[in-house]
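Heads up, the thing below is written out as C-alpha cells.
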Amino acid sequence: MSSAPEESALLFPDEIRSSGVRADPTEIAGLRVVTRRWLAKLPLSEDQRQDILLASYEALANAVEHAYAPDDAHGTLDYEATYLPNEGEVVVRVVDHGSWHDAVDSDARRSRGHGLTLIRNLASDVQVSAGPKGTVVEMRWVLEETDRAENDRVGDDRAGDDRAGDDRAGDELSSHDAS
C-alpha cells in the first residue's frame with residue numbers, strides 16, 4: 001500500500017510527481033491538497049488555478065471510478081503536474097493502469113457522465129489515449145497574457161536563486177504540510 005499522497009508526492013518548484021497512488025477516493029483527495037498548494041505558488045490567475053484544480057481532480061476521479069473494479073485494492077495511478085514557464089503552459093497527466101468499465105451505481109450515473117466534457121471545457125487542450133495497459137489523460141493550459149508578464153518577473157527572480165538548475169531537489173511533503 002502506498003503512503004498518503006501528501007506524504008509521498010515529490011514537490012518541485014515546477015512540478016509534482018506521484019507514482020503508484022492507490023486508486024481510492026481518499027488517496028486522490030490528498031493529491032488535490034498537494035496540487036492546490038503547488039498552484040498557489042505559480043503566477044496564474046485565480047480562475048486558471050481553479051480550472052486546473054477542478055479538471056485535474058475530475059481526471060483523477062475518472063481513473064478511480066472507471067479504470068478498476070470497485071473491489072480492486074491493487075489499482076494504482078500516476079500523477080504529474082508540470083509548470084513550463086518558457087512555453088507559458090501548465091501540463092497535468094493522469095495515468096491509470098486499468099481498463100475502462102462503467103460506474104457501478106446506475107442511480108448515480110443518471111446525473112453523471114460529463115467528466116471529460118468538463119475537463120475539455122476547462123483546459124486549453126486535452127488528449128486521451130486509451131490502450132490495453134491503461135489510459136493517459138493529458139491536459140494543457142496556456143497562460144493568459146497577464147500571467148505571462150508575471151511569469152517573466154518570476155523567471156528573472158529564479159535566475160539568481162541558489163536552488164535553480166541541477167541543484168534542484170525534490171522535497172517530500174509530510175502530512176503536517178497539508179492544509
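Just so we're clear, the structure is a prediction, and the values are computed from it rather than from any experiment. By convention here, the first residue in the shown sequence is residue 1.
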Below 4.5 Å, heavy atoms only, C-beta onward: do [X] and [Y] meet side chain to side chain?
X      : Y      : result
Arg120 : Val128 : yes
His97  : Asp78  : yes
Val21  : Tyr79  : no
Leu44  : Leu143 : yes

Would you say [X]'s side chain and [Y]'s backbone share a donor-acceptor pair under 3.5 angstrom?
X     : Y      : answer
Tyr57 : Leu31  : no
Gln48 : Val142 : yes
Tyr68 : Thr76  : yes

Working to the nearest 0.5 angstrom, can you tell me the gap between [X] [atom1] and [Y] [atom2]?
X     : Y     : atom1 : atom2 : value
Leu54 : Thr35 : CG    : OG1   : 12.0 Å
Ser56 : Leu39 : OG    : CG    : 7.0 Å
Lys41 : Asp14 : NZ    : CG    : 12.0 Å
Ser18 : Glu80 : OG    : CD    : 10.0 Å
Ser45 : Gln50 : OG    : CD    : 9.5 Å

Exercise. Which atom pair, heavy atoms only, marks the closest approach of Val94 to Ala63?
Worked result: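 Distance-wise, the nearest heavy atoms are CG1-CB, 4.2 Å.
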
For this session: Can you see which heavy atom on Tyr83 is nearest to which on Pro43, and at what distance?
Result: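 Closest pair (atom of Tyr83, atom of Pro43, distance): OH-CG, 3.2 Å.
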
Exercise. In terms of side-chain geometry, is the basic nitrogen of Glu138 or Arg93 positioned less than 4.0 Å from the acidic oxygen of its partner?
Worked result: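 Answer for the salt bridge query: yes.
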
For this session: Only counting residues at least two apart or in another chain, list the ones meeting side-chain contact (heavy atoms from CB on, under 4.5 Å) with Asn121.
Result: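 Counting only residues at least two positions away or on another chain, Asn121 forms a side-chain contact (heavy atoms from CB on, under 4.5 Å) with Thr117.
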
Problem set entry | Counterpart residues, side-chain contact (heavy atoms from CB on, under 4.5 Å), relative to Ala55 (two or more places apart) |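 Scan of Ala55 (side-chain contact (heavy atoms from CB on, under 4.5 Å), adjacent residues dropped) gives Ile119, Leu122, Met139, Trp141.
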
Exercise. Any link between Ile52 and Leu116 through a network of hydrophobic side chains (Ile, Leu, Val, Met, Phe, Trp, Tyr) touching at under 4.5 Å?
Worked result: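 Yes, because Ile52 and Leu116 connect within a single hydrophobic cluster, where side-chain heavy atoms sit under 4.5 Å apart.
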
For this session: Would you please name every residue forming a side-chain hydrogen bond (donor to acceptor under 3.5 Å, both in side chains) with Arg32, sequence neighbours left out?
Result: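 Testing Arg32 for side-chain hydrogen bond (donor to acceptor under 3.5 Å, both in side chains), a comparison that skips the adjacent residues, returns none.
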
Problem set entry | Given Val95, Ile28, Asp24, Thr135, the one that forms side-chain contact (heavy atoms from CB on, under 4.5 Å) with Leu77 |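 Exactly one candidate clears the test, Ile28.
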
